[in-house]
Visitor: 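Sharing a structure, written as C-alpha cells. Questions coming.
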Amino acid sequence: MYVNRCSKNDVEYLRSLCIRHPDYKMTQLAKEMDREVSDIFMMIKDYDLPYQWKK
C-alpha cells in the first residue's frame, strides 16, 4: 500500500481535485500536485478515490 509515501493532506487534496475536476486526466492531476503520474495512480487505487476512469 502507498500509505507511507503520502500525507493525509495529499490524499484529501487529490480527492478534492477528483471531485472538482472529473474531466482531469492523471497527467493533469500529477502536474497540479507536483507528483509523478505513478504516484497519482497509486493514491487513487489505494485510497479508492473518486477518479473518473476513461474508457
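Predicted, not measured: the structure shown is a model, and the values here were computed from it. Just so it is clear, the values below take in all heavy atoms, side chains as well, and ignore hydrogens, waters and symmetry mates.
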Visitor: Any side-chain heavy-atom pair from L29 and Y51 closer than 4.5 angstrom?
Guide: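 L29 vs Y51: side chains touch.
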Visitor: Which of parallel (below 30°), tilted (30 to 60°) and perpendicular (above 60°) describes Y24 and H21?
Guide: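 Taking H21 first and then Y24, their aromatic rings lie parallel (interplane angle under 30°).
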Visitor: Please give me the minimum heavy-atom distance between D10 and M33, naming the atom from each residue.
Guide: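 What the structure gives for the nearest pair is O-CE, 3.5 Å.
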Visitor: Nearest 0.5 angstrom please: M26 CE to M43 CE, how far?
Guide: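 Rounded to the nearest 0.5 Å, the CE-CE separation comes out at 11.5 Å.
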Visitor: Might you confirm whether atom CD of E36 has over 12 heavy atoms from other residues, nucleotides or ligands at distances under 6.0 Å?
Guide: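 Count not over threshold, so no.
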Visitor: For E12, check side-chain hydrogen bond (donor to acceptor under 3.5 Å, both in side chains) against everything at least two apart and list the hits.
Guide: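 Residues passing side-chain hydrogen bond (donor to acceptor under 3.5 Å, both in side chains) with E12: none at all.
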Visitor: Which heavy-atom pair separates C18 from P50 by the least distance, and what is that distance?
Guide: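 In this case the closest contact between C18 and P50 is CB-O, 3.7 Å.
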Visitor: Taking atom CG of D34 as the centre, report whether more than 12 heavy atoms of other residues, nucleotides or ligands fall under 6.0 Å from it.
Guide: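 No, the 6.0 Å shell around CG holds no more than 12 heavy atoms from other groups.
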Visitor: Do T27 and I40 touch side chain to side chain, with heavy atoms closer than 4.5 Å?
Guide: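 In short, these two side chains do not touch, never coming nearer than 4.5 Å.
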Visitor: Do S38 and F41 have side-chain heavy atoms sitting under 4.5 Å apart?
Guide: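 S38 does not reach F41 side chain to side chain.
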Visitor: Is any side-chain heavy atom of Q52 closer than 4.5 Å to a side-chain heavy atom of D23?
Guide: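 No, every pair of side-chain atoms sits at 4.5 Å or beyond.
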Visitor: Examine L14 and I19 and state if one hydrophobic cluster contains both, with Ile, Leu, Val, Met, Phe, Trp and Tyr joined whenever side-chain heavy atoms are less than 4.5 Å apart.
Guide: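 Unlinked, L14 and I19 end up in two clusters.
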Visitor: Check I44, D39, D46 against M42 for a side-chain contact (heavy atoms from CB on, under 4.5 Å) and give me the one that passes.
Guide: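 Of the listed residues I44, D39, D46, the side-chain contact (heavy atoms from CB on, under 4.5 Å) partner of M42 is D46.
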